[in-house]
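These notes concern the structure reproduced below.
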Amino acid sequence: DMHITEIIQSGDCLLFYPEEVSEKSMERISLVSEQFGKNMTLNLTGKANFRVKMDKKATPLDVMRDVLTAMKGKDE
């Protein structure tokens, strides 16, 4: 399982910090990328994270739910 240790809102983006960067976590992040496309960016330098830009109509909770659901897709 991939564990998210921290989620931070920065402007119109949410930053998700995985506990570790592994092959399995990268598979799950790729599922998020498939769903959010160009609205998701990955940063592997320093404290690894991925950033999802929120749609103007979406709330932070909507985006968190969508990201976590996309990551879970691998288990279903």
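Here the NE2 atom belonging to H3 is positioned 9.0 Å from the CZ atom belonging to R28, to the nearest 0.5 angstrom. Between atom CG of residue D55 and atom CG of residue N39 there is a gap of 8.0 Å, rounded to the nearest 0.5 Å. Rounding to the nearest 0.5 Å gives a distance of 9.5 Å between CD1 of I4 and CD of E19.
For the pair S22 (side chain) and S25 (backbone), a donor-acceptor distance under 3.5 Å is present. When atom types are taken as modelled, the side chain of D62 and the backbone of T59 share a donor-acceptor pair closer than 3.5 angstrom.
The only option from I8, T5, V67 that meets the side chain to side chain contact (heavy atoms under 4.5 Å, CB included) definition with F16 turns out to be V67.
V21 has its side chain within reach of M26: a pair of non-hydrogen atoms, C-beta onward, lies under 4.5 Å apart. Counting heavy atoms from C-beta outward, M54 and P60 have side chains that approach closer than 4.5 Å.
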Less than 3.5 Å apart, which donor and acceptor atoms pair up between the side chains of residues 29-36 and the rest of the protein, not counting sequence neighbours?
residue, atom, partner, partner atom, Å
S30, OG, E27, O, 2.6

May I have the list of side-chain donor-acceptor pairs in residues 41-53 shorter than 3.5 Å, sequence neighbours left out?
residue, atom, partner, partner atom, Å
N43, OD1, T45, N, 3.0
N43, OD1, T45, OG1, 2.7
K47, NZ, E6, OE1, 2.6
N49, ND2, K47, O, 3.1

